[in-house]
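In what follows, a structure is listed as structure tokens, so that the remarks can point back to it.
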There are 2 protein chains.
Amino acid sequence: MVLCDVPRPRNANATRQAILEAARARFCAESYDDVGMRDVARDVGVDAALISRYFGSKEDLFVAVLDSCKNGRDLMDGDRADFGARLAREIVYGEAAACTPDDGSGRMRGLLILLRSIGSSKAMDVVQHTSNTRFFEPLTQWIGGADAPVRARLAAGLIMGMAISRELSDGFSNLDEAQKAALAGRMADALQGLVDG
Amino acid sequence: MVLCDVPRPRNANATRQAILEAARARFCAESYDDVGMRDVARDVGVDAALISRYFGSKEDLFVAVLDSCKNGRDLMDGDRADFGARLAREIVYGEAAACTPDDGSGRMRGLLILLRSIGSSKAMDVVQHTSNTRFFEPLTQWIGGADAPVRARLAAGLIMGMAISRELSDGFSNLDEAQKAALAGRMADALQGLVDG
DNA sequence: TGGCCTTGTCATCAGGCGTTGACAAGCGGC
DNA sequence: GCCGCTTGTCAACGCCTGATGACAAGGCCA
């Protein structure tokens with residue numbers, strides 16, 4: 001996970017950015033409590049004290065990481081008629097789970113980070129607030145129409161639940177390819193039904 | 001949360017049971033990482049060292065708590081035609097969230113404890129194993145028929161996701177009563193559809 | 001070349017954790 | 001009454017965490 005082993009040139013902006021990306025990868029793979037400042041610092045090849053200086057506290061770093069992720073609205077980018085199929089594919093086939101330390105292009109990355117740290121009391125406030133403003137509310141707006149809040153809650157629940165189910169079952173490893181396809185199909189239909197009303 | 005403040009009579013079985021119940025309440029309300037041995041000990045009115053002696057390690061205590069909960073199969077008790085409505089009501093109206101330190105009669109308690117500690121690396125092995133043997137597999141068996149694994153995954157995902165959605169939204173506090181009823185109704189239909197095939 | 005601000009390191013702190021082994025107190029049997 | 005086992009307490013250990021302030025070194029400017 002070490003991103004750079006030659007002496008880092010003295011460049012505050014680049015270093016700050018490297019810390020942010022390393023932290024994003026860590027928070028994507030581990031819960032808030034399991035991510036240590038020293039871990040992130042080691043990934044970048046820097047002393048942990050520097051993170052404190054650049055970002056303040058660990059919670060501030062967490063917020064900065066969430067802000068650096070693409071907005072939850074991006075989940076709704078693309079053809080509306082494909083929403084269900086798109087999301088189902090990303091979750092069932094794990095395209096959402098890939099979490100390389102790149103520019104944060106994964107559309108679901110922010111949501112995955114939030115899901116990872118659910119249950120951590122220290123991150124609870126941030127997680128709760130961010131999931132509402134970045135995920136629930138945009139989804140509700142985008143769905144629109146009568147019962148939008150209700151349908152959005154259900155869609156969000158299904159998305160989050162299947163993401164967790166994926167974690168708990170090691171990527172649906174107990175399902176063969178045909179079953180995975182069936183799972184993605186059923187999930188897509190359910191989601192699309194909620195979007196279309 | 002202190003269950004007893006008069007000097008506890010010297011009774012190993014009763015003390016062990018009291019520790020188990022206090023731990024169950026704690027693990028139901030907080031994640032594995034957030035529950036401290038000293039917290040549980042204080043609830044019972046006992047020294048933390050005693051827990052180590054009676055249960056071994058913290059992980060052993062966690063396993064003992066999960067074993068003490070009603071089996072996940074109990075979720076499927078009752079009229080099969082009511083499964084969706086029953087589960088939806090318990091989640092939307094929070095009957096599942098009540099977690100008093102009683103005999104562990106809540107049917108969803110075991111599942112709630114597992115959900116609380118998702119994301120904790122220390123508890124991951126236990127959570128993964130228990131959720132499969134106590135929740136996924138019984139549900140798959142109970143659903144039965146063609147595509148049972150697929151439908152069970154979807155049902156489980158919806159149940160878990162809505163339980164988490166409930167947490168993140170403070171008990172669906174942004175929904176009025178009519179919307180909650182609509183949510184429960186839609187969720188019930190979706191679940192029942194998965195059960196019936 | 002010398003001064004100085006920036007960038008990064010190091011040692012350290014206070015606090016929390018789970019766990020351990022030595023000790024105190026209750027209590028039944030001889 | 002005293003022994004010995006059980007039940008519970010206490011102090012401490014080693015480890016890890018996030019955070020802090022003093023210090024070293026790079027690099028620009030005069």
Side-chain angles (χ1 to χ4, degrees), chain A residues 2-23 26-27 30-65 116-117 119-126, chain B residues 2-23 26-27 30-65 116-117 119-126:
Chain A
V2 175
L3 305 181
C4 183
D5 50 358
V6 302
R8 171 173 304 281
R10 290 168 59 90
N11 183 335
N13 276 346
T15 302
R16 205 191 127 96
Q17 200 61 28
I19 291 172
L20 201 62
E21 289 176 10
R26 282 278 176 184
F27 282 125
E30 299 164 283
S31 80
Y32 182 86
D33 293 315
D34 285 337
V35 172
M37 307 290 270
R38 289 169 175 85
D39 300 329
V40 176
R42 201 177 314 117
D43 291 345
V44 182
V46 117
D47 192 275
L50 205 60
I51 305 185
S52 290
R53 179 138 69 201
Y54 280 174
F55 290 92
S57 67
K58 179 180 179 181
E59 185 173 344
D60 293 333
L61 175 63
F62 188 58
V63 171
V65 163
R116 278 266 182 243
S117 290
S120 161
S121 65
K122 299 191 194 72
M124 189 175 55
D125 287 350
V126 175
Chain B
V2 175
L3 306 180
C4 182
D5 50 359
V6 301
R8 170 172 303 281
R10 288 168 59 90
N11 182 334
N13 276 346
T15 301
R16 207 190 127 96
Q17 200 60 28
I19 291 171
L20 201 61
E21 288 176 10
R26 282 277 177 184
F27 282 124
E30 298 164 282
S31 80
Y32 182 86
D33 294 314
D34 286 336
V35 172
M37 306 290 270
R38 289 171 174 84
D39 299 329
V40 176
R42 202 177 314 117
D43 291 344
V44 183
V46 118
D47 192 276
L50 205 60
I51 305 184
S52 290
R53 179 138 71 199
Y54 280 175
F55 290 91
S57 68
K58 180 181 179 180
E59 185 173 345
D60 292 334
L61 175 63
F62 188 57
V63 171
V65 163
R116 277 269 181 239
S117 290
S120 160
S121 65
K122 299 191 193 74
M124 189 174 55
D125 287 348
V126 175

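A, B, ... follow the sequence lines: proteins, then strands. Residue 1 opens every chain.
A distance of 6.0 Å separates CG in A:L50 from CZ in A:R53, rounded to the nearest 0.5 Å. Going from atom OH of A:Y54 over to atom CG of A:L20 covers 13.0 Å, rounded to the nearest 0.5 Å.
In this structure, the CD1 atom of A:I51 is 14 Å from the P atom of D:dT20, given to the nearest Å. Straight-line distance from the NZ atom of A:K122 to the C1' atom of C:dC17: 10 Å, rounded to whole Å. Rounded to whole Å, atom C1' of D:dG18 lies 15 Å from atom CG of A:D34. The interatomic distance linking B:D39 (CG) with C:dG18 (C1') rounds to 12 Å, in whole Å. Taking atom CZ on B:R42 and atom P on C:dG18, their separation rounds to 11 Å, with Å as the unit. Put simply, CZ on A:F62 is 14 Å from P on D:dA19, counting in whole angstrom units. For the pair B:D33 CG and D:dC16 C1', the interatomic distance rounds to 13 Å; values are reported in whole Å. The distance from atom CD of A:E59 to atom C1' of D:dG18 is 13 Å, rounded to the nearest whole Å.
Using bins of under 30°, 30° to 60° and over 60° for the plane-to-plane angle, the ring pair B:Y32/B:F27 lands in the parallel bin.
Nearest heavy-atom pair, B:R116 versus B:S31, reported as atom, atom and distance to 0.1 Å: O-CB, 3.3 Å.
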Let's go through B:M37 and B:V40 carefully: what are the C-alpha distance in whole Å and the side-chain angles of both, what is the deciding distance for side-chain contact (heavy atoms from CB on, under 4.5 Å) to 0.1 Å, and is it a yes or a no?
CA-CA 5 Å; B:M37 306 290 270; B:V40 176; 5.9 Å; no

Under 4.0 Å protein heavy-atom contact, by nucleotide of nucleotides 3-12 of chain C - B base, S sugar-phosphate only:
---BBBBB-B

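Here A:V40 lies out of heavy-atom contact (under 4.0 Å) with every strand.
Two residues are said to be in side-chain contact when any heavy atoms from C-beta on lie closer than 4.5 Å; B:D39 and B:R42 meet this criterion.
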